[in-house]
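Per chain, numbering begins at 1; letters A, B, ... match sequence-line order.
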Number of protein chains: 2
Amino acid sequence: MFTLSEENYLKTIYHLELDADKGISTNAIAKKLETKASSVTDMIKKLSDKEVVVYKKYKGVTLTELGKKTAANIVRKHRLWEVFLVEKLNFSWDEVHDVAEQLEHIKSPKLIDQIDAFLGFPTHDPHGDPIPDKDGNLKTIEKSLLSTLLKNESGICVGVNDSSSEFLKFLDKKGITLGKQLTVLEKEDFDGSLSILIDGEKLSISNKIANNLYIQK
Amino acid sequence: MFTLSEENYLKTIYHLELDADKGISTNAIAKKLETKASSVTDMIKKLSDKEVVVYKKYKGVTLTELGKKTAANIVRKHRLWEVFLVEKLNFSWDEVHDVAEQLEHIKSPKLIDQIDAFLGFPTHDPHGDPIPDKDGNLKTIEKSLLSTLLKNESGICVGVNDSSSEFLKFLDKKGITLGKQLTVLEKEDFDGSLSILIDGEKLSISNKIANNLYIQK
DNA sequence: ATATATTTTTAGACAAGACTAAAAATTATT
DNA sequence: AATAATTTTTAGTCTTGTCTAAAAATATAT
């Protein structure tokens, strides 16, 4: 069994490993968890003793198979709770993160199985992120950043790269939600801004926005 | 805001105060929380600093209004989650306690309001215990222990005094659930055992059982 | 009312998890 | 390759919540 703190470290390392492909540095972990590198070193030793990470001094850290499975299970719980909050309890997609951050640590296999079934075995959370299955596997769908689309290309909005409340509220205001079809009308080279067609309306999109929105072509 | 440990102390003192009407002793708290009296003394000082309890050395402890409200809110969450687990997620009444014990500490006013509404504003949990309202008030219903019924008296099963998994499973096995009507056929003076009629069947009930089952006449 | 038993508090210690400051190792620079 | 800059680890401290053992207060019994 893992403590709250250990679970948060595992989850952070898991997320960092997904786009890293090498040992995760103590500094990177410290930054994500808003703590100090020295605290990370301490915790990594504990996790290493528990055989969920492999740790070589000064060489960063990687999850073991057990560590990956444990972390994926926490992410699974987080995302299933997010679906529950949005689908059943009228939360909007910008309100769920902090609550799910608490709920992901509830320990009850039956609870999460039942939530899964109650929701009809969803495969993605309200932000388009895949929900790991019981074995920790997740099937990623083919998706591209809106910023990589070319002029006249179309696609469906399937996810966000930034789940901050501010960004999500901004998307709401602009009428951009998951499932919406959009087409790139214009693409400005000098600032990377776009003009897109969505719901028959023309919309100006900054490069920052286009870099945080996933599209399925 | 209160820590997990502080919340558990508050909840325990709240439950002890309900059938006590005087200062709660450190020993009583220690017993319930399976900890040591010295640890209780330490924690009580912290709770006193936070103005949720009134503490006089050697004189026991009482909740302040703020303390009562805080504790009642934790109990409210616990019981609402229990209803949720039973009504929506197919848990049986003997499986919910440990999970609710974790869920009661989730901090999100919106979450618990939405759960409340989602469940149709229930007034009692799966064991017949009243759910405090948002202000911490609970309306207790008129109920008597089965052991206090006289021969030929009837009533409806409305609650249990012991929520242990063992007792609840025993009741399930005997077909005794909340809402069931029963009648006392015989009452043995020498051991307090009863013969009752339930669902048209005659059932022998020990004194221990009769002392843990609440009936509304 | 005094002695005895019980309860409660204090004092000191420990583990978990975090921090700061300093030392050690690694990486980058010239 | 030697020095400088950066990263990581170590050493020592702090807080929270717990514990044991001893002291102090209260309750009980003769």
- Query: Got a sec: does the NZ of B/Lys69 have more than 12 other heavy atoms crowding it under 6.0 Å?
  - Reply: no
- NZ or CZ of A/Lys68 within 45° of A/Tyr14 ring axis and under 6.0 Å: no
- Item | ring pair (Phe, Tyr, Trp, His ring centres under 6.0 Å) partners of residues 45-90 of chain B, not counting sequence neighbours, each pair once | A/Phe84-B/Phe84, B/His78-B/His97, B/Trp81-B/Phe84
- Report yes if at least one side-chain N or O of A/Thr41 is closer than 4.0 Å to OP1 or OP2 of D/dT9; otherwise report no. yes
- Note on the structure: From NZ of B/Lys45 across to P of D/dT18 the rounded distance in Å is 15 Å
- Item | With B/Ser165 via side-chain contact (heavy atoms from CB on, under 4.5 Å) - residues at least two apart | B/Asp94, B/Lys169
- Task: Ignoring backbone atoms, establish whether B/Ser39 has a side-chain N or O less than 4.0 Å from OP1 or OP2 of D/dC19.
- Result: yes
- Message: Counting only heavy atoms and a strict 4.0 angstrom limit, can you tell me which residues of residues 16-35 of chain A come near DNA chain C?
- Response: A/Thr35
At a cut-off of 3.5 Å, list every protein nitrogen or oxygen paired with a nitrogen or oxygen from nucleotides 11-17 of chain D, distance to 0.1 Å.
residue	atom	partner	partner atom	Å
D/dG17	OP1	B/Thr3	OG1	2.8

- Message: How many whole angstroms separate atom CD1 of A/Ile44 from atom C1' of D/dT9?
- Response: 11 Å
- May I ask you to decide whether A/Glu142 forms a salt bridge with A/Lys217, counting only side-chain N to carboxylate O separations under 4.0 Å? no
- Query: Got more than 12 heavy atoms from elsewhere within 6.0 Å of NZ, B/Lys143?
  - Reply: yes
- Query: Taking C-beta and beyond as the side chain, do A/Lys32 and A/Leu16 meet within less than 4.5 Å on heavy atoms?
  - Reply: yes
- Message: Regarding B/Asn207 and B/Ser193, do their side chains bring together a donor and an acceptor under 3.5 Å, going by distance alone?
- Response: no
- Message: I need the CG-P distance between A/Asp49 and C/dG17, as an integer number of Å.
- Response: 12 Å
- Message: Using whole Å, what does the distance between atom C1' of nucleotide C/dA22 and atom NZ of A/Lys36 come to?
- Response: 16 Å
- Item | Ion pair B/Lys187/B/Glu153, N-O distance below 4.0 Å | no
Which atoms of nucleotides 25-29 of chain C (N or O only) lie under 3.5 Å from a protein N or O atom, and what are those distances?
residue	atom	partner	partner atom	Å
C/dA25	O4'	A/Tyr58	OH	3.3

- Item | Any pair counted as side-chain hydrogen bond (donor to acceptor under 3.5 Å, both in side chains), so long as it reaches residues 106-135 of chain B, sequence neighbours left out | A/Glu95-B/Lys110, B/Glu7-B/Lys107, B/Arg76-B/Asp116, B/Glu82-B/His127, B/Asp113-B/Lys134
- Item | A/Glu51, CD atom: more than 12 neighbouring heavy atoms under 6.0 Å | no
